[in-house]
*Asks:* 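The following block contains the structure, expressed as structure tokens.
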Amino acid sequence: MALIICDVGPRDGLQNEPETLEPAVRAELINKLAATGLARIEAVSFVRDERVPQMAGAEEVLGRIERRDGVEYAGLVLNERGFERLRNTGLDRVNVTLGATESFNRRNGNASLAEATHRVQRILAEADRPTTATISVAFGCPFEGGVDPGVVAELAGSLDAGELVLADTIGVATPKAVRSLLERVEALGKPVGFHGHNTRNTGYASALAALEAGATVLDASIGGLGGCPYAPRATGNIATEDLVYLLEGEGFETGIDLDLLVRISQWLEGVLGRTLEGQVYRAGVSSVSA
């Protein structure tokens with residue numbers, strides 16, 4: 001199965017920005033990313049405007065997207081109301097999420113772990129398009145500390161999603177832990193992915209470990225945008241351009257235009273008015289040398 005790199009910047013990245021970008025600008029970002037050859041983009045989330053104002057106007061964003069063949073557009077939903085909104089769009093994939101711990105679910109979704117699991121299962125049962133279930137804080141929780149890999153594997157096995165993604169939400173994972181847990185979940189027989197943050201500078205090494213363990217999906221965010229509003233001091237996702245640089249250097253054929261990714265990151269710095277975390281073009285390199 002070919003490797004899928006999913007850029008989550010338009011959703012997971014921008015939702016952590018203090019500034020709320022207009023739907024037209026968010027759609028422009030999605031269109032720029034789609035032109036790079038990315039196989040999947042997490043475009044929007046369907047949440048209450050007052051809760052996450054950065055994600056307001058999801059339908060307007062989608063109405064401005066210039067869809068490209070070969071690009072899968074995904075949306076995140078947290079509950080049945082959000083899924084009903086997604087159902088009325090042309091998005092290709094629904095992503096549901098829940099935390100691996102009791103505390104994180106209560107802080108993030110005002111529900112117990114059992115309630116969050118039941119809610120996710122109800123959405124998955126009704127889904128009319130491909131599904132991904134992302135398990136947050138799979139390697140460590142800001143409120144409970146270490147997470148038992150057996151608990152995560154059992155939770156993954158209980159979910160009726162077509163694809164499972166394990167998220168290192170606060171950037172505590174190391175390659176050994178990632179390799180071990182992904183091998184355990186990959187044995188369930190479903191496509192498995194990894195969503196990494198680079199808080200402790202282990203995100204990229206962990207992404208390679210995930211591939212060694214059989215991952216077919218890697219989440220990343222343009223410029224390294226992101227974080228976690230419920231995890232103090234958690235930094236952004238691994239940067240898409242840096243991940244592509246790494247993978248190409250390791251011999252993977254990503255099919256993604258790295259130079260174009262770099263230009264998008266530079267453009268986005270101008271939009272946001274700050275320096276982003278991606279390092280490829282800062283090092284004076286935008287293409288992999290032979």
Side-chain angles (χ1 to χ4, degrees), residues 6 8 12 76-80 94-125 127 131-200 202-203 205-219 226-235 237-238:
C6 175
V8 299
D12 191 28
L76 177 75
V77 301
L78 300 180
N79 52 39
E80 289 92 341
V94 54
N95 184 9
V96 294
T97 185
L98 75 166
T101 67
E102 188 76 18
S103 299
F104 193 84
N105 283 296
R106 291 195 179 278
R107 297 289 188 96
N108 192 42
N110 195 30
S112 67
L113 175 56
E115 291 167 339
T117 302
H118 292 153
R119 182 172 59 203
V120 162
Q121 287 286 57
R122 288 195 299 269
I123 295 170
L124 293 172
T131 59
T132 297
T134 297
I135 301 177
S136 300
V137 298
F139 300 91
C141 174
F143 311 111
E144 298 186 19
V147 177
D148 183 349
V151 170
V152 178
E154 183 177 358
L155 177 60
S158 73
L159 300 176
D160 297 324
E163 178 181 276
L164 299 165
V165 172
L166 304 180
D168 180 24
T169 310
I170 58 174
V172 296
T174 58
K176 181 178 179 181
V178 170
R179 190 180 299 107
S180 175
L181 184 54
L182 262 79
E183 286 176 347
R184 195 164 178 173
V185 174
E186 199 268 341
L188 296 172
K190 296 180 180 180
V192 62
F194 175 68
H195 175 108
H197 288 236
N198 202 42
T199 309
R200 292 162 179 81
T202 58
S206 292
L208 286 181
L211 289 179
E212 293 171 0
T216 56
V217 179
L218 292 177
D219 284 356
C228 180
Y230 303 97
R233 297 181 299 281
T235 58
N237 298 272
I238 57 176

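None of these values were measured; they are calculated from a predicted model. Throughout, residue positions are numbered sequentially from 1 according to the sequence presented. Side chains are part of it too, since the values below use all heavy atoms of this structure and drop only hydrogens, waters and symmetry mates.
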*Asks:* Using a strict threshold of under 4.0 Å (side-chain N to carboxylate O), is an ion pair present between Lys190 and Glu163?
*Replies:*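 Salt bridge absent between Glu163 and Lys190.
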*Asks:* Under a 3.5 Å cutoff, is there a donor and acceptor pairing between the side chains of Ser136 and Thr97?
*Replies:*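 Looking only at side-chain atoms, Thr97 and Ser136 do form a donor-acceptor pair, the distance falling under 3.5 Å.
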*Asks:* Taking all non-hydrogen atoms of both residues, which atom of Ala173 and which atom of Val178 are closest, and how far apart?
*Replies:*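 Distance-wise, the nearest heavy atoms are CB-CG2, 3.6 Å.
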*Asks:* How far apart are the C-alpha atoms of Val172 and Thr199, what are their side-chain angles, what is the distance that settles it, and do they pass the side-chain contact (heavy atoms from CB on, under 4.5 Å) test?
*Replies:* CA-CA 7 Å; Val172 296; Thr199 309; over 6 Å; no
*Asks:* If you measure from OG1 on Thr202 to CG on Asp168, what distance do you get to the nearest 0.5 Å?
*Replies:*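 One gets 6.5 Å once the value is rounded to the nearest 0.5 Å.
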*Asks:* Going by side-chain hydrogen bond (donor to acceptor under 3.5 Å, both in side chains), name the residues that satisfy it together with Ser112, two or more places apart in sequence or in a different chain.
*Replies:*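 With neighbours one apart ignored, the set is Glu115.
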*Asks:* Main chain of Ala177, side chain of Ser180: is a donor-acceptor contact present, judged purely on distance under 3.5 Å?
*Replies:*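 Checking the backbone N and O of Ala177 against the side chain of Ser180, no donor-acceptor pair under 3.5 Å is found.
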*Asks:* With under 30° as parallel and over 60° as perpendicular, where do the rings of Phe139 and Phe194 fit, or are they tilted in between?
*Replies:*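 Ring orientation, 0 to 90° scale: perpendicular.
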*Asks:* Please examine the side chains of Leu166 and Leu181, heavy atoms only from C-beta on, and report whether any two atoms are closer than 4.5 Å.
*Replies:*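 Counting from C-beta outward, Leu181 and Leu166 do come under 4.5 Å.
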*Asks:* At what distance, to the nearest 0.5 angstrom, does NE2 of His197 lie from OG of Ser206?
*Replies:*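 Output value for this atom pair is 12.0 Å.
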*Asks:* Mind checking salt bridge (Lys or Arg N to Asp or Glu O under 4.0 Å) for Arg179 and listing every partner two or more places apart, or none if nothing turns up?
*Replies:*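 Arg179: salt bridge (Lys or Arg N to Asp or Glu O under 4.0 Å) contacts with Glu212.
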*Asks:* State, yes or no, whether a side-chain contact exists between Val8 and His195 at a heavy-atom distance under 4.5 Å.
*Replies:*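 Yes, close enough: below the 4.5 Å cut-off.
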*Asks:* Consider only side-chain N and O atoms of Thr134 and Asn95, and report whether a donor and an acceptor are under 3.5 Å apart.
*Replies:*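 Side chains of Thr134 and Asn95: pair found under 3.5 Å.
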*Asks:* Do the side chains of Ile123 and Val77 get nearer than 4.5 Å, heavy atoms only?
*Replies:*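 A side-chain contact under 4.5 Å exists here.
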*Asks:* Do any pairs count as a salt bridge (charged side-chain N to carboxylate O under 4.0 Å, His left out) and have a residue in residues 136-154, sequence neighbours left out, and if so which ones?
*Replies:*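 As it turns out, there is no salt bridge (charged side-chain N to carboxylate O under 4.0 Å, His left out) pair with a partner in residues 136-154 once direct neighbours are skipped.
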*Asks:* Under a 3.5 Å threshold, yes or no: a donor from one side chain and an acceptor from the other, between Asp12 and Asn237?
*Replies:*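 Yes.
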*Asks:* Is the closest side-chain heavy-atom distance between Val96 and Thr132 below 4.5 Å?
*Replies:*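 No; the side chains remain at least 4.5 Å from each other.
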*Asks:* For Pro191 and Gly162, which heavy atoms make the closest approach, and how far apart are they?
*Replies:*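 That would be CD-O, 3.3 Å.
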*Asks:* Return yes if some donor-acceptor pair links the side-chain N/O of Arg200 with the main-chain N/O of Gly171 below 3.5 Å, else return no.
*Replies:*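 Present.
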*Asks:* Do the side chains of Val147 and Thr101 get nearer than 4.5 Å, heavy atoms only?
*Replies:*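 Heavy-atom side-chain distance check passes, below 4.5 Å.
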*Asks:* How close do Phe104 and Gly99 get, counting heavy atoms only, and between which atoms?
*Replies:*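 So the minimum-distance heavy-atom pair works out to CD2-CA, 4.0 Å.
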*Asks:* Going from CG on Leu98 to OG1 on Thr117, what distance comes out if it is rounded to the nearest 0.5 angstrom?
*Replies:*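 Spacing of CG (Leu98) from OG1 (Thr117) equals 5.0 Å.
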*Asks:* Working note: Leu76 + Val94, criterion side-chain contact (heavy atoms from CB on, under 4.5 Å); need CA distance, chi angles, decisive distance, verdict.
*Replies:* CA-CA 6 Å; Leu76 177 75; Val94 54; over 6 Å; no
*Asks:* Minimum heavy-atom separation for Ile135 to Ala100, with atom names?
*Replies:*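 For Ile135 and Ala100, the tightest heavy-atom pair comes out as CG2-CB, 3.8 Å.
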*Asks:* Quick one: does any side-chain atom of Arg122 pair with a main-chain N or O of Asn79 as donor and acceptor, under 3.5 Å?
*Replies:*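 Side chain of Arg122 to backbone of Asn79: no pair is present.
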*Asks:* Give the minimum heavy-atom separation between Glu186 and Gly214, together with the two atoms involved.
*Replies:*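 Shortest heavy-atom separation between Glu186 and Gly214 comes out as CG-O, 4.2 Å.
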*Asks:* Closest approach of Pro142 and Val137, non-hydrogen atoms and distance?
*Replies:*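 Here Pro142 and Val137 meet closest at CD-CG1, 3.9 Å.
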*Asks:* For Gln121 and Ser158, indicate whether the former's side chain and the latter's backbone hold a donor-acceptor pair under 3.5 Å.
*Replies:*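 Flag set: sc Gln121 to bb Ser158 pair under 3.5 Å.
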*Asks:* Starting at SG of Cys6, measure out to CG of Leu218 and round the result to the nearest 0.5 Å.
*Replies:*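 Between atom SG of Cys6 and atom CG of Leu218 there are 10.0 Å.
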